[in-house]
Enquirer: 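Below is the structure I would like to discuss, written out as structure tokens.
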Amino acid sequence: TVCREPAVIDLRRHNSNFCASHLQRFCRDQVQKAIDEFDMLTPGDRALVAVSGGKDSLAVWDILLELGYRADGLYIGLGIGDYSDTSKEHARRFAAERGAHLVEIDLPAEYGYDIPEGARAARRAPCSACGLTKRHLFDQAAVDGGYDVLVTGHNLDDEAAGLFGNVLHWHTEYLARQLPVLPAGNGFPRKVKPLVRLSERETAAYCIVRGIEYQVEECPMAAGNRHLGYKEALNTIEERSPGTKHDFYFGFLDRAAALLRAGIGTDAG
């Protein structure tokens with residue numbers, strides 16, 4: 001209502017259009033609001049951002065740096081052919097352009113296996129093997145580097161889709177942990193998701209107006225992943241009823257998350 005610049009995106013769930021400048025401000029404000037609301041970070045924290053080379057992880061790293069937080073990046077080379085090579089190039093370019101520090105771990109070189117081999121050996125689905133491997137390496141890198149907090153690029157679409165799948169199958173043990181912040185424990189730092197108030201479309205638009213080049217292709221190992229199907233289903237609902245994803249996820253946080261954390265209703269699940 002106050003800006004005369006041309007709009008670059010319409011956000012129906014906010015009933016608003018944004019120019020490039022105000023879109024950047026909106027995204028930074030939403031991240032800071034999430035940080036404040038859930039006590040994710042303090043100005044003195046050393047943060048390690050898990051960077052895949054995709055839009056979300058590069059967007060959250062960029063926003064944290066813009067907001068003045070001390071944030072380094074962590075890239076894990078998973079050995080998934082050209083996909084991993086391209087992802088690494090984007091992560092390195094981003095760090096170089098901003099003079100930011102990027103920690104790199106090469107899974108095949110340092111551990112002797114890549115994700116396709118690891119999935120076959122463990123007889124797990126590739127996404128399951130990948131997630132397990134990354135979580136371990138994220139934690140270890142954060143501890144080894146003396147970081148206070150580990151940041152991931154999970155956005156509103158990711159969290160709503162995860163919640164949707166967990167509710168469909170009543171995975172109460174996962175529901176109890178599906179929070180924007182997981183506290184430190186067992187010697188590992190807390191884990192935070194500053195993008196929970198931003199959608200995938202919004203982080204993509206942020207990267208475009210900021211000139212951030214990112215990996216556009218989906219991981220070739222993700223074919224058939226149920227999480228993508230949950231996203232598609234929610235996208236259909238969101239199209240008809242803008243704001244549904246936000247209401248679903250934040251309604252869960254407001255009304256059900258505390259009950260699950262306390263163990264109420266777990267047996268019934």
Side-chain angles (χ1 to χ4, degrees), residues 31-32 34-54 56-80 84 87-88 90-92 94-96 98-115 117-119 121-122 124 126-155 158-159 162 173-174 176-196 219 257 261:
V31 167
Q32 187 62 61
I35 290 172
D36 294 340
E37 182 178 2
F38 299 106
D39 295 322
M40 293 184 178
L41 291 162
T42 66
D45 283 336
R46 292 187 64 231
L48 184 63
V49 183
V51 177
S52 67
D56 301 308
S57 59
L58 293 179
V60 74
W61 193 10
D62 186 69
I63 291 171
L64 291 179
L65 292 173
E66 287 290 302
L67 290 173
Y69 290 99
R70 297 193 297 166
D72 295 338
L74 168 65
Y75 175 78
I76 299 176
L78 301 170
I80 308 177
S84 287
S87 299
K88 179 170 63 178
H90 288 306
R92 285 179 171 176
F94 177 94
R98 284 153 181 79
H101 178 55
L102 179 67
V103 179
E104 293 190 40
I105 298 174
D106 188 298
L107 191 63
E110 297 181 37
Y111 291 88
Y113 72 95
D114 56 29
I115 288 301
E117 293 169 345
R124 285 176 172 266
C127 289
S128 173
C130 183
L132 189 65
T133 297
K134 288 194 296 187
R135 283 193 294 273
H136 170 72
L137 294 176
F138 290 162
D139 282 339
Q140 195 59 57
V143 170
D144 291 346
Y147 292 95
D148 302 295
V149 58
L150 177 67
V151 177
T152 61
H154 292 86
N155 58 42
D158 295 321
E159 294 304 291
E173 69 278 13
Y174 295 130
R177 289 175 52 81
Q178 191 167 348
L179 304 168
V181 176
L182 291 177
N186 300 319
F188 297 115
R190 68 185 176 278
K191 300 176 178 64
V192 303
K193 303 171 183 177
L195 293 184
V196 290
C219 175
R261 286 200 304 275

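Along the sequence shown, residues are numbered consecutively beginning with 1.
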Enquirer: Under the side-chain contact (heavy atoms from CB on, under 4.5 Å) rule, what do Y69 and V151 come out as? Steps first, then yes or no, please.
Expert: CA-CA 12 Å; Y69 290 99; V151 177; over 6 Å; no
Enquirer: About how many Å separate CG of L65 and CZ of R98, when rounded to the nearest 0.5 Å?
Expert: 8.0 Å
Enquirer: Identify the two heavy atoms, one from S84 and one from L78, that lie closest to each other, and give their separation to 0.1 Å.
Expert: OG-N, 3.8 Å
Enquirer: Looking at every heavy atom in both G79 and P108, which two are closest together, and how far apart are they?
Expert: CA-CG, 4.0 Å
Enquirer: I'd like to know if R190 and D45 make a salt bridge, using a cut-off of under 4.0 Å between side-chain N and carboxylate O.
Expert: yes
Enquirer: Mind checking side-chain contact (heavy atoms from CB on, under 4.5 Å) for P180 and listing every partner two or more places apart, or none if nothing turns up?
Expert: F38, M40, V196, Y249, L253
Enquirer: Identify each donor-acceptor pair in which a side-chain atom of residues 128-135 lies under 3.5 Å from a protein atom, sequence neighbours left out, and give them as a table.
Expert:
unit_1, atom_1, unit_2, atom_2, d
S128, OG, R124, NH1, 2.8
T133, OG1, Y113, OH, 3.4
T133, OG1, A129, O, 2.9

Enquirer: Residues two or more places apart in sequence or in another chain: which of them pass side-chain hydrogen bond (donor to acceptor under 3.5 Å, both in side chains) with D148?
Expert: none
Enquirer: Among residues at least two apart in sequence or on other chains, which ones pass side-chain contact (heavy atoms from CB on, under 4.5 Å) with S87?
Expert: Y75, Y83, Q215
Enquirer: Start with the C-alpha distance between D139 and K191, add both sets of side-chain angles, then the distance that settles side-chain contact (heavy atoms from CB on, under 4.5 Å), and finish with yes or no.
Expert: CA-CA 9 Å; D139 282 339; K191 300 176 178 64; 2.9 Å; yes
Enquirer: Listing request: all salt bridge (charged side-chain N to carboxylate O under 4.0 Å, His left out) pairs with a residue in residues 65-79, at least two apart in sequence or in separate chains.
Expert: R46-D72, E66-R210
Enquirer: Would you call E104 and K88 a salt bridge, taking side-chain N to carboxylate O under 4.0 Å as the test?
Expert: no
Enquirer: I'd like to know whether I76 forms a side-chain contact (heavy atoms from CB on, under 4.5 Å) with F138, so could you lay out the CA-CA distance, the side-chain angles of the two residues, the decisive distance to 0.1 Å, and finally the verdict.
Expert: CA-CA 9 Å; I76 299 176; F138 290 162; 3.3 Å; yes
Enquirer: For residues L74 and L137, determine if any side-chain heavy atom of one lies less than 4.5 Å from a side-chain heavy atom of the other.
Expert: no
Enquirer: Kindly compute the distance separating CG (L179) from CZ (R261), expressed to the nearest 0.5 Å.
Expert: 5.5 Å
Enquirer: Of all the heavy-atom pairs spanning V51 and G73, show the shortest one and how long it is.
Expert: CG2-CA, 4.0 Å
Enquirer: With heavy-atom distances below 4.5 Å as the criterion, would you say the side chains of V60 and V49 are in contact?
Expert: yes
Enquirer: Take V192 and I35 through the test side-chain contact (heavy atoms from CB on, under 4.5 Å) and record every step on the way to the result.
Expert: CA-CA 9 Å; V192 303; I35 290 172; over 6 Å; no
Enquirer: Using the test side-chain contact (heavy atoms from CB on, under 4.5 Å), find all partners of T152 that sit at least two apart in sequence or belong to another chain.
Expert: A50, H154, K193
Enquirer: Quick one: closest heavy-atom pair of G153 and D158, and the distance?
Expert: O-OD2, 4.0 Å
Enquirer: Can you name the nearest heavy-atom pair linking W61 to A100, along with the distance?
Expert: CZ2-CB, 3.5 Å
Enquirer: Find out whether D114 and I80 are in side-chain contact, i.e. whether some heavy atom of one side chain is under 4.5 Å from a heavy atom of the other.
Expert: no
Enquirer: To the closest 0.5 Å, what do you measure between CG (D62) and CZ (F94)?
Expert: 4.5 Å
Enquirer: What's the shortest heavy-atom distance between L64 and A71, and which atoms?
Expert: CB-CB, 4.2 Å
